[in-house]
2 protein chains.
Amino acid sequence: MEQVATTSRGRPREFDPAQALAAALQVFWRRGYEGASISELTEAMGITRPSLYACFGNKEALFRQALDLYETEKLCYVKTALEAPTARGVAERLLRGSLAMQCSDSEPQGCLGVISTVAGVTEADCIRDEVLKRRASSNAALLARFVQAKEEGDLPDGIEPEAMSCYLSTVMQGMAVQASGGASRETLERLVQTTLAMWPGR
Amino acid sequence: MEQVATTSRGRPREFDPAQALAAALQVFWRRGYEGASISELTEAMGITRPSLYACFGNKEALFRQALDLYETEKLCYVKTALEAPTARGVAERLLRGSLAMQCSDSEPQGCLGVISTVAGVTEADCIRDEVLKRRASSNAALLARFVQAKEEGDLPDGIEPEAMSCYLSTVMQGMAVQASGGASRETLERLVQTTLAMWPGR
DNA sequence: CCTGTTCCATACCGATCGGTATATAGTATG
DNA sequence: CATACTATATACCGATCGGTATGGAACAGG
């Protein structure tokens with residue numbers, strides 16, 4: 001339950017929770033929620049099983065904390081992307097951002113969110129719902145940005161913001177599938193270029 | 001190992017292998033390879049555990065046979081789609097075909113191939129490789145069709161067949177992710193329209 | 001009928017799953 | 001030092017995993 005000690009009492013822990021959480025994120029990212037076993041997690045985190053449960057609660061709670069870390073550290077490009085001056089700029093930044101993240105040499109390929117939602121989980125559909133909820137809020141932000149773009153005349157007639165945001169999300173999710181399947185960086189770069197080449201206007 | 005008896009001898013089996021395999025496909029489709037347990041499979045197939053192993057070999061062999069069935073029964077629209085007269089027609093048939101399949105009320109949502117490749121499998125990366133191999137051959141067929149389209153002047157200058165086939169595959173995989181996440185038929189129909197609206201030419 | 005063969009039913013195998021009980025080690029306060 | 005408290009280490013829990021051994025049931029050919 002991880003209560004914060006006002007003044008430290010008892011034996012101090014020998015590991016850095018933030019560092020351990022980062023290691024857990026890597027495992028979840030590679031294996032998915034169900035594919036990541038507690039044994040693999042503890043080994044990667046460099047801690048023992050009881051330490052994991054004492055510090056992070058249980059597997060599900062650990063995953064949620066890993067999701068938080070993923071959003072704040074790996075999906076931060078989304079926030080800056082939405083600040084681009086044009087709809088096309090938003091799309092370009094989003095596509096290039098996810099490209100950069102999913103092609104990192106030091107990290108797993110693919111998107112944790114996609115990985116966590118496609119497998120038709122058995123016990124853990126609450127995990128799926130959690131990820132879907134976060135995705136929905138992200139989509140809502142993108143939609144709001146495209147509604148603004150529409151008002152600014154930044155999207156052509158006959159193309160609605162809802163359609164555009166859904167389309168762009170879909171392409172990025174498809175990119176994640178490609179990356180999970182081992183697509184090369186060159187392939188994904190070409191994919192970004194193709195998508196941008198089809199983008200209306202400019 | 002399922003050796004075909006020249007003349008039937010011994011006790012005849014009490015179930016229809018084709019029907020059982022169809023039931024197994026539904027389970028794999030819903031749960032993914034690792035998520036589908038033998039117990040869930042046998043229950044859905046209406047047979048006992050030893051019957052499954054006697055008739056289909058083991059879980060991996062069963063999955064491959066389910067994959068075969070999936071390709072021949074569920075992905076048959078790909079073949080006819082490639083026969084469309086124009087590149088745009090190919091895209092439209094592919095998109096509408098995958099839309100129809102992934103929105104069926106009687107079957108799981110999403111694409112079995114996508115489901116089987118995104119989760120970073122532990123033991124079963126040979127399963128992943130198998131699916132990736134089949135996907136690659138499908139992509140190759142699409143590419144060949146777009147190379148032909150290019151020769152016929154059916155793709156605009158500056159857009160290569162490789163880029164186009166990869167792009168279209170990506171959109172369809174993204175659609176599968178959306179469907180897995182519970183996207184409505186209306187949402188996916190709008191997505192198809194948007195994609196076609198952005199398609200070059202016409 | 002008897003024998004051979006194949007299928008079904010039940011129970012079981014070792015391994016691994018997520019999670020925990022227990023005992024010991026290390027720190028702060030008194 | 002003694003006490004209170006917390007972290008670590010080890011061993012363990014019941015449940016489930018994929019896969020199988022065993023024994024009886026149902027058919028064929030003789």
Side-chain angles (χ1 to χ4, degrees), chain A residues 1-21 23-24 27-28 31-66 119-127, chain B residues 1-21 23-24 27-28 31-66 119-127:
Chain A
M1 271 296 154
E2 173 69 355
Q3 67 258 25
V4 173
T6 53
T7 66
S8 87
R9 273 218 301 200
R11 179 175 174 178
R13 67 163 50 101
E14 296 173 354
F15 65 94
D16 175 14
Q19 191 173 331
L21 184 60
V27 177
F28 281 127
R31 305 289 190 194
Y33 176 74
E34 305 220 76
S37 72
I38 301 289
S39 296
E40 187 175 2
L41 286 165
T42 54
E43 187 173 0
M45 299 165 83
I47 66 179
T48 64
R49 203 174 275 252
S51 296
L52 188 155
Y53 282 87
C55 183
F56 298 100
N58 59 13
K59 189 183 180 182
E60 183 180 327
L62 175 62
F63 182 77
R64 288 179 200 269
Q65 296 172 62
V121 194
T122 36
E123 39 172 348
D125 25 27
C126 61
I127 289 292
Chain B
M1 269 304 156
E2 174 68 358
Q3 66 256 24
V4 174
T6 54
T7 67
S8 88
R9 274 216 304 201
R11 177 176 174 176
R13 68 161 51 100
E14 298 173 355
F15 65 93
D16 175 15
Q19 192 173 332
L21 184 59
V27 176
F28 281 128
R31 306 291 191 193
Y33 177 74
E34 306 219 76
S37 72
I38 300 289
S39 297
E40 187 176 3
L41 284 166
T42 54
E43 187 174 0
M45 300 165 82
I47 65 178
T48 63
R49 206 174 273 252
S51 295
L52 188 155
Y53 282 88
C55 183
F56 298 102
N58 59 15
K59 188 183 181 181
E60 183 179 329
L62 175 63
F63 182 77
R64 288 179 200 269
Q65 294 171 64
V121 195
T122 35
E123 40 175 345
D125 26 28
C126 62
I127 289 292

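Keep in mind it's a predicted model, so treat the numbers as computed, not measured.
- Every residue two or more places apart in sequence or in another chain was checked for a side chain to side chain donor-acceptor pair (under 3.5 Å) with B:Thr42, and none qualifies.
- Legend: residues meeting side chain to side chain donor-acceptor pair (under 3.5 Å) with B:Arg64, ordered by chain and number and at least two apart, are B:Glu60, B:Glu130.
- Distance B:Glu40 CD to D:dG18 C1': 14 Å, rounded to the nearest Å.
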Collect all protein-nucleotide pairs involving nucleotides 8-13 of chain D in which both atoms are nitrogen or oxygen and the distance is under 3.5 Å.
unit_1	atom_1	unit_2	atom_2	d
D:dT8	OP1	A:Glu14	N	2.7
D:dT8	OP2	A:Ser51	OG	2.8

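- When rounded to the nearest whole Å, the span between CG of A:Asn58 and C1' of C:dG19 equals 9 Å.
- Summary of helix geometry: the two end axes of the helix from C:dC1-D:dG30 to C:dG30-D:dC1, each defined by five base pairs via their C1' atoms, are inclined to each other by 10° (rounded to 10°).
- Partners of A:Thr48 under the side chain to side chain donor-acceptor pair (under 3.5 Å) rule, at least two apart in sequence or in another chain, are A:Ser51.
- Separating the NZ atom of A:Lys59 from the C1' atom of C:dT16 is a distance of 12 Å, rounded to the nearest angstrom.
- With sequence neighbours left out, A:Ala23 forms a side chain to side chain contact (heavy atoms under 4.5 Å, CB included) with A:Met45.
- The separation between B:Asp16 atom CG and C:dC7 atom P is 14 Å, rounded to whole Å.
- Atom CD of B:Glu43 and atom C1' of C:dA9 are 16 Å apart (whole Å).
- Following rounding to the nearest Å, A:Ile38 (CD1) and D:dT16 (C1') show an atom-to-atom distance of 15 Å.
- Closest approach to the B:Ser37 side chain among D:dC17, C:dG19, D:dC5 is made by D:dC17 (side chain taken as heavy atoms from C-beta onward).
- Straight-line distance from the CZ atom of A:Phe56 to the P atom of D:dA7: 12 Å, rounded to whole Å.
- Of the possible polar contacts, one joining the A:Gln65 side chain to the A:Ala61 backbone as a donor-acceptor pair under 3.5 Å is found.
- Expressed to the nearest 0.5 Å, how far CZ of A:Phe28 lies from CG of A:Leu21 amounts to 9.0 Å.
- The backbone N or O of A:Tyr33 lies less than 3.5 Å from a partner atom in the side chain of A:Lys59, making a donor-acceptor pair.
- In this structure, the CD atom of A:Glu34 is 9 Å from the P atom of C:dG18, given to the nearest Å.
- By the side chain to side chain donor-acceptor pair (under 3.5 Å) test, B:Ser39 is found to be paired with B:Arg49, residues two or more places apart in sequence or in another chain being considered.
- Taking CG of A:Leu62 as the reference point, atom OH of A:Tyr53 lies at 9.0 Å (rounded to 0.5 Å).
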